[in-house]
2 protein chains.
Amino acid sequence: MPVRADAQRNAARVLAAARRAVAANGLDVSYHEIAREAGVGVGTVYRRYPERDQLMAAVLSDILTELIDTAHQALDCDDAWEGFSSLFSGLVLRTAQNAGLSGSLDQHGGPAVAQQRHELLDLTRRVIERAQGQGRLRRDLAWQEVLRLTGAPAVRGCVLGLEPDPANGHHVVLTVLLDGLRTG
Amino acid sequence: MPVRADAQRNAARVLAAARRAVAANGLDVSYHEIAREAGVGVGTVYRRYPERDQLMAAVLSDILTELIDTAHQALDCDDAWEGFSSLFSGLVLRTAQNAGLSGSLDQHGGPAVAQQRHELLDLTRRVIERAQGQGRLRRDLAWQEVLRLTGAPAVRGCVLGLEPDPANGHHVVLTVLLDGLRTG
DNA sequence: AAATAAACGGACCAATCTTGTCCGTTTCCT
DNA sequence: AGGAAACGGACAAGATTGGTCCGTTTATTT
């Protein structure tokens, strides 16, 4: 017996809702919240993901898949700096969109997720080191340090309470960071 | 009758605990949490700050006082770039330490806090514009945009889950940002 | 040292939120 | 049409949170 059509549709809705909820409020969203957001009953969410870990793994895997795709595109790019900056921008964007996750991404998810994370890290390292090798990217930073910078624009505010301008807030930080990273 | 010695001591403990708690978890810490952190009973906290706004105003004022002091020092500095970068570093540090506040700093606190905030913003603007006027700081950013950058290193993680290295994580971001901001 | 009043602590209550289950009803597929 | 799979949301149990109240402790005064 194949998967029922409504079950499939609801599964997709739940995953999407979970992604939205997690992105906004972090990993500890309640199942009821997700169900409401998805427009289904709680029972449906619990039936699909009896364990919380399974749900989180699904969400993380979903995000990582997108990022891996971005990284592949960057590596295909002929110009090393262009590839790097596009990947960097992409990571910045995704990080900002999923700001709620904070640093909790590396603690969760099963081996499959760990595998994806490893793949993404490897691709990213290659993109960074290629740009450094061609003298386009400053060499005094380890690739992990460069990578860590992608989190910078995701901040939601600062001590002074100046709300980041959603329109170009990221853009400004991104510009300054790239200018600080570029060589020659 | 003067203020009793233990009352004074406890008030200080509560304020310190509130600062720590707010810095870590944001403005919506529970009174019970603060009391536990301070090592006093809840009653003591409620007695000292019957209204939540009063407590938050006290915390914010405490933080702002420190920042204003830093800003004054920066303005006293002879070298415009040195003054700017030291203020920038100071703001980065404070922002990171109070990461939990996110952008909620400008919504709260009474008129007294608003006054302090205004003073800090004015000082900061002068530091930035002086550095720009002397051609040491790039001019294509408004002072508000420059200011917003101080939030960047405060991020706690990124999509990739690389935990910022507490030892020099801030340092790396700071270096790149300053290199991206410096002129000539 | 004794008296007094201020300050304390934490048990306690009510309201809210979260997890997780269960079963009568609906929906899909044959 | 009929049966199984999936649904939804009421419900119970436990955890949190805001806030009060009163018996006990502690600082100060005389």
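Per chain, numbering begins at 1; letters A, B, ... match sequence-line order.
The side chain of N10(B) places an N or O atom within less than 4.0 Å of a non-bridging phosphate oxygen (OP1 or OP2) of dC8(C). Applying the 4.0 Å criterion to OP1 and OP2 of dT16(D), one finds that S30(B) has every side-chain N and O outside that range. In this model, the phosphate group of dG18(D) is approached by a side-chain N or O of R52(B) to a distance below 4.0 Å at OP1 or OP2. At the phosphate of dA6(D), neither OP1 nor OP2 sits under 4.0 Å from any side-chain N or O atom of T44(A). Listed pair R47(A) / dC7(D) meets the phosphate criterion, a side-chain N or O lying under 4.0 Å from OP1 or OP2.
If you measure from atom CZ of R48(A) to atom C1' of dT21(C), you get 19 Å, rounded to the nearest angstrom. Atom pair D28(B):CG and dT16(C):P shows a separation of 18 Å (rounding to whole Å applied). Between the CZ atom of R9(B) and the C1' atom of dA6(C) there is a distance of 14 Å, rounded to whole Å. Here the P atom of nucleotide dT17(D) and the CZ atom of R36(B) are 8 Å apart, to the nearest Å. Atom C1' of nucleotide dT17(D) and atom CG of L27(B) are separated by 16 Å, given to the nearest angstrom. In this structure, Q8(A) atom CD and dC7(D) atom C1' are separated by 16 Å, rounded to whole Å. Between the CG atom of D6(A) and the C1' atom of dC28(C) there is a distance of 6 Å, rounded to whole Å. Taking atom CZ on R4(A) and atom C1' on dG3(D), their separation rounds to 11 Å, with Å as the unit.
Each of V29(A) and G39(B) has a nearest nucleotide on DNA chain C; the 5'-most of these lies closest to G39(B). Between A5(A) and P50(A), the one whose closest nucleotide on DNA chain C sits nearer the 5' end is P50(A).
For V42(A), the side-chain atoms get nearest to dG9(D) when compared with the rest of dG9(D), dG8(D), dG18(D).
At a threshold of 4.0 Å, the pair R182(B)-D179(B) counts as salt-bridged, since one of the basic side-chain nitrogens sits closer than that to a carboxylate oxygen. Taking a cutoff of 4.0 Å between a charged side-chain nitrogen and a carboxylate oxygen, R9(B) and D6(B) do not qualify as a salt bridge.
Put simply, the side chain of H72(B) does not reach to within 4.5 Å of the side chain of L75(B), judged on heavy atoms.
A side-chain donor-acceptor contact under 3.5 Å links T183(A) to the backbone of R138(A). Without hydrogens or angle criteria, Y46(B) side chain to Y31(B) main chain gives no donor-acceptor distance under 3.5 Å.
With hydrogens and angles ignored, a donor-acceptor pair under 3.5 angstrom links the side chain of H32(B) to the base of dG19(D).
Among the protein residues, Y31(A) comes within range of the sugar-phosphate backbone only, with heavy atoms under 4.0 Å from sugar or phosphate atoms but none that close to a base.
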